[in-house]
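Contents: one structure, followed by commentary.
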Amino acid sequence: PFEGVAWTPRPPQGPPQGCFACIAKAPALQQASPILSPSSAVYLMESKSCKGDSLRPAVPCKHSVEKKTMTNPTTVIEIYPDTTEVNDYYLWSIFNFVYLNFCCLGFIALAYSLKVRDKKLLNDLNGAVEDAKTARLFNITSSALATFCIILIFIFLRYPLTDY
């Protein structure tokens, strides 16, 4: 069936030249001559494992030229937000939890203060700021309501309601 077909071995070549982007491209195959008939033509066979072949035009790798011109490497510096500016209200929350824990608001303020500390460790500045606002709100509310209740107790102790 392969009468008149000849195999022409290629000369051994060294490793392919150029970068991976140039070598990985499909090779540009030459068209068979229309003068030769298929039975008498010498077919050029190509091994798929060989990246550098004689059919590919010898063009220098454009990527290696770019690599030679790049002399200044780029350095990336990650700048983390400064989380020391976010106040966690931790001591105020502990004081409210121990002494002024009105309707468990001091405990809630303490929980949010701990969340602020955790988010500061994770460099989540936006979440830390939001939780710090919530902790401050619960601390203000707990302090104000507990102080108001203490003042009411002192008023009722000073002026007892005997008119009942």
Side-chain angles (χ1 to χ4, degrees), residues 10 12-30 45-164:
R10 295 194 183 132
Q13 295 178 350
Q17 300 296 321
C19 66
F20 181 73
C22 294
I23 295 171
K25 291 180 183 176
L29 296 177
Q30 296 175 352
M45 303 236 152
E46 176 181 18
S47 170
K48 292 191 178 195
S49 64
C50 179
K51 293 290 183 182
D53 56 0
S54 61
L55 299 177
R56 187 179 302 181
V59 177
C61 176
K62 66 178 181 178
H63 298 97
S64 62
V65 174
E66 291 174 3
K67 288 179 185 174
K68 290 178 183 175
T69 59
M70 289 178 41
T71 56
N72 297 331
T74 305
T75 303
V76 177
I77 299 173
E78 294 184 14
I79 300 173
Y80 293 106
D82 188 18
T83 57
T84 58
E85 299 174 1
V86 180
N87 195 355
D88 56 3
Y89 305 107
Y90 186 65
L91 294 176
W92 189 13
S93 298
I94 288 177
F95 179 80
N96 281 339
F97 176 64
V98 173
Y99 296 109
L100 306 174
N101 197 9
F102 182 80
C103 295
C104 294
L105 292 176
F107 176 72
I108 297 171
L110 181 63
Y112 274 103
S113 294
L114 293 174
K115 283 178 68 174
V116 170
R117 285 197 167 189
D118 291 341
K119 289 186 179 181
K120 282 169 61 173
L121 286 175
L122 295 175
N123 290 324
D124 182 13
L125 187 62
N126 294 332
V129 167
E130 291 299 318
D131 287 341
K133 288 179 183 178
T134 307
R136 185 182 65 190
L137 177 71
F138 278 112
N139 277 324
I140 290 171
T141 307
S142 177
S143 297
L145 288 176
T147 305
F148 180 70
C149 287
I150 291 172
I151 290 173
L152 279 179
I153 289 172
F154 280 130
I155 289 174
F156 283 127
L157 287 176
R158 176 75 175 113
Y159 303 106
L161 295 174
T162 56
D163 296 337
Y164 291 122

Fill in: Non-neighbouring partners of L137 that pass side chain to side chain contact (heavy atoms under 4.5 Å, CB included), sequence neighbours left out
T141
Discussion item. Would you say that N126 contacts E130 through its side chain, given a criterion of any heavy-atom pair below 4.5 Å between the two side chains?
Written reply: no
Worksheet item: With sequence neighbours excluded, what pairs up with T134 under the side chain to side chain donor-acceptor pair (under 3.5 Å) test?
Response: none
Worksheet item: If you take all heavy atoms of K119 and G127, which pair is closest and at what distance?
Response: CD-C, 3.6 Å
Worksheet item: Looking only at atom types and distance, does a side-chain atom of S143 sit under 3.5 Å from a main-chain N or O of L100, one as donor and one as acceptor?
Response: no
Item to complete: Output the distance between atom CG (L91) and atom CG (L110), rounded to the nearest 0.5 Å.
Response: 10.5 Å
Discussion item. Quick check on side-chain hydrogen bond (donor to acceptor under 3.5 Å, both in side chains): which of K120, R136, R117 does D88 satisfy it with?
Written reply: R117
Practice prompt. Only pairs at least two apart or in different chains count here, so list each side-chain hydrogen bond (donor to acceptor under 3.5 Å, both in side chains) that has a residue in residues 106-115.
Written response: S93-S113
Worksheet item: What pairs with F107 under side chain to side chain contact (heavy atoms under 4.5 Å, CB included), at least two apart in sequence or on another chain?
Response: F97, N101
Worksheet, complete the sentence: Y99 meets the ring-ring contact (aromatic ring centres under 6.0 Å, His included) criterion, sequence neighbours left out, with F95
Discussion item. D131 and side-chain contact (heavy atoms from CB on, under 4.5 Å): which single residue from V86, V116, L114 fits?
Written reply: V116
Practice prompt. Measure from the side-chain N and O atoms of N139 to the backbone N and O of A109, and report whether any donor-acceptor pair falls under 3.5 Å.
Written response: no
Discussion item. Restricting to side chain to side chain contact (heavy atoms under 4.5 Å, CB included), what partner residues turn up for I151, sequence neighbours left out?
Written reply: T147, I155
Item to complete: Rounded to the nearest 0.5 Å, what's the gap from CG on N96 to OH on Y89? Could you check?
Response: 13.0 Å
